[in-house]
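Proteins come first, then strands; the chains are lettered A, B, ... in the order of their sequence lines, and each starts at number 1.
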There are 2 protein chains.
Amino acid sequence: MIRISSRELAERMGLTASQIRQDLNCFGGFGQQGYGYNVTELHAQIGKILGVHAGNKTILIGVGNLGKAIAQHIDFEKRGCKLIGIFDSNHALCGKQIAGVTVDPIETLEAFCAANHPVMAVLCIPKTAAHDLAHQLVKLGVRAFWNFSHYDLRLEHEQEQIIVENVHLGDSLMTLAYGLQHQGDAHE
Amino acid sequence: MIRISSRELAERMGLTASQIRQDLNCFGGFGQQGYGYNVTELHAQIGKILGVHAGNKTILIGVGNLGKAIAQHIDFEKRGCKLIGIFDSNHALCGKQIAGVTVDPIETLEAFCAANHPVMAVLCIPKTAAHDLAHQLVKLGVRAFWNFSHYDLRLEHEQEQIIVENVHLGDSLMTLAYGLQHQGDAHE
DNA sequence: TAGATTGTTAATCGATTAACAATC
DNA sequence: TAGATTGTTAATCGATTAACAATC
């Protein structure tokens with residue numbers, strides 16, 4: 001496929017054509033009147049906007065079931081990130097390779113950050129540990145957090161902005177439970 | 001803690017007091033003027049609205065890294081769901097116990113559904129398999145989907161509404177990559 | 001040129017916020 | 001009763017949709 005119209009994009013994504021055109025225009029005029037959008041170029045432009053080639057240095061902390069699954073299941077490179085370190089407090093897990101990265105003891109975290117300057121951290125640790133560890137990581141220069149602990153992180157820094165994505169999978173599941181309970185309620 | 005005001009709830013959740021009061025009021029007058037909300041009662045009411053005690057019968061399909069992590073990491077009971085079956089097409093995995101449930105071969109899915117009538121399915125399978133399997137499950141009576149495949153499900157049914165939560169973890173990671181790229185841009 | 005489809009402005013809609021009377 | 005805080009309405013804001021002139 002060479003080109004695509006805002007109408008077809010809208011259909012595929014479940015949005016309106018207006019929304020597609022207006023949103024894309026916030027970032028620049030990627031289309032051409034009477035023609036539509038060149039798929040290859042649009043894809044490249046959106047990739048550039050999102051920063052999918054930035055290779056942001058990323059570390060992952062906590063290699064329980066979830067941490068291991070995230071490390072192996074997510075294509076970090078494709079999303080603009082590069083997994084350069086994995087840490088766990090359980091020394092029995094250290095030394096193992098996960099997604100091509102060796103698990104290191106949490107005690108080496110500080111030295112690792114000083115040497116490698118990761119900008120992003122994936123937190124797959126219990127909620128009790130999340131707050132303190134996150135604040136420590138901010139001090140070590142981490143500027144973005146992908147937080148899978150159940151603790152809702154809100155981080156501050158004097159100079160720079162800290163970005164947090166709190167992932168609450170349980171909420172997503174509860175949304176379904178709510179939907180099932182209210183299936184057949186009016187106005188649906 | 002016995003009681004809480006809309007103002008304090010708002011602070012804790014990063015919302016406004018107005019929003020808390022208006023939203024809660026959509027479901028009923030749980031508060032009392034001059035007093036606030038009784039925490040115990042509010043918690044119970046919200047639980048009832050969400051349906052966290054419904055015990056919706058749930059099956060999980062696909063026991064790769066992610067499927068295994070979801071099964072073990074998520075407290076289904078707490079979110080109104082009960083994991084009653086796990087299936088995989090890889091027979092080497094069948095017979096194993098995960099989260100207290102035995103993994104069964106995918107070939108037994110149809111008979112299982114006929115016998116046990118699950119209403120929810122967790123899809124931890126490749127995107128190529130998601131569409132067809134989901135449609136099959138709809139025919140077998142499943143009404144809610146928690147979809148971790150990268151395929152965006154949109155399901156229809158003549159009589160009943162089908163509910164879908166498409167979880168795209170990659171999007172969440174890209175949001176962070178975008179944020180890092182545009183840190184320091186104006187108006188922040 | 002005629003047809004198609006964008007970029008962009010104006011109109012609509014819904015959600016958030018502010019305000020305040022009701023009332024515990 | 002006085003103070004506090006809800007329930008609820010009105011005002012504001014932003015996002016979505018519709019419309020259309022620009023233009024490829």
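- As rounded to whole Å, 18 Å separates atom P of dT6(D) from atom CZ of Phe27(B).
- Applying the 4.0 Å criterion to OP1 and OP2 of dT5(C), one finds that Ser5(A) has every side-chain N and O outside that range.
- The phosphate of dG7(D) has OP1 or OP2 within less than 4.0 Å of a side-chain N or O from Tyr37(B).
- The distance from atom CG of Asn25(A) to atom C1' of dA15(D) is 16 Å, rounded to the nearest whole Å.
- The shortest distance between the side-chain N/O atoms of Gln19(A) and the OP1/OP2 oxygens of dA15(D) is not below 4.0 Å.
- Remark: P of dT8(C) and CD1 of Ile20(A) are 17 Å apart, rounded to the nearest angstrom.
- Between Leu60(A) and Ile98(A) the shortest side-chain heavy-atom distance does not fall below 4.5 Å.
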Please write out the pairs of protein N or O atoms and N or O atoms of nucleotides 20-22 of chain D separated by less than 3.5 Å, giving the distance to one decimal.
none

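- Here dT5(D) presents its P atom at 6 Å from CZ of Arg3(B), a figure rounded to the nearest Å.
- Looking only at side-chain heavy atoms (C-beta outward), Val52(A) and Met174(B) come within less than 4.5 Å of each other.
- Looking at Leu123(B) and Tyr151(B), their side chains never come closer than 4.5 Å, going by heavy atoms from C-beta outward.
- Counting to the nearest Å, the C1' atom of dG14(D) and the CG atom of Asp23(A) are 13 Å from each other.
- Ring orientation note: the planes of Trp146(A) and Phe148(A) are nearly perpendicular, at an angle over 60° on the 30°/60° scale.
- Under the 3.5 Å distance criterion, the side-chain polar atoms of His131(B) are left unmatched by any main-chain donor or acceptor of Thr128(B).
- Interface remark: the Gln22(B) side chain does form a donor-acceptor pair with the dT9(D) base, using a distance-only criterion of under 3.5 Å.
- Using a 4.5 Å heavy-atom cutoff, the side chains of Val138(B) and Arg143(B) are in contact.
- Along DNA chain D, the nucleotide nearest Tyr35(A) and the nucleotide nearest Ser18(A) are compared for position; the residue whose nucleotide lies closer to the 5' end is Ser18(A).
- Both distances falling under 3.5 Å, in either a Watson-Crick or a G-U wobble arrangement, place dG3(D) opposite dC24(C).
- Residue Ser6(A) places at least one side-chain N or O under 4.0 Å from the OP1 or OP2 atom of dT6(C).
- Separating the CD1 atom of Ile2(B) from the P atom of dT5(D) is a distance of 16 Å, rounded to the nearest angstrom.
- Spacing between atom CG of Leu15(A) and atom C1' of dA18(D) amounts to 16 Å, rounded to whole angstrom units.
- Across every strand in view, dT17(C) sits in a pair with dA10(D) that passes the Watson-Crick or G-U test at under 3.5 angstrom.
- Distance check, rounded to the nearest 0.5 Å: NE2 of His53(A) to CG of Asn56(A) gives 12.5 Å.
- Neither OP1 nor OP2 of dT6(D) sits under 4.0 Å from any side-chain N or O of Gln32(B).
- Whole-Å rounding puts the Asn38(B) CG to dT5(D) P distance at 15 Å.
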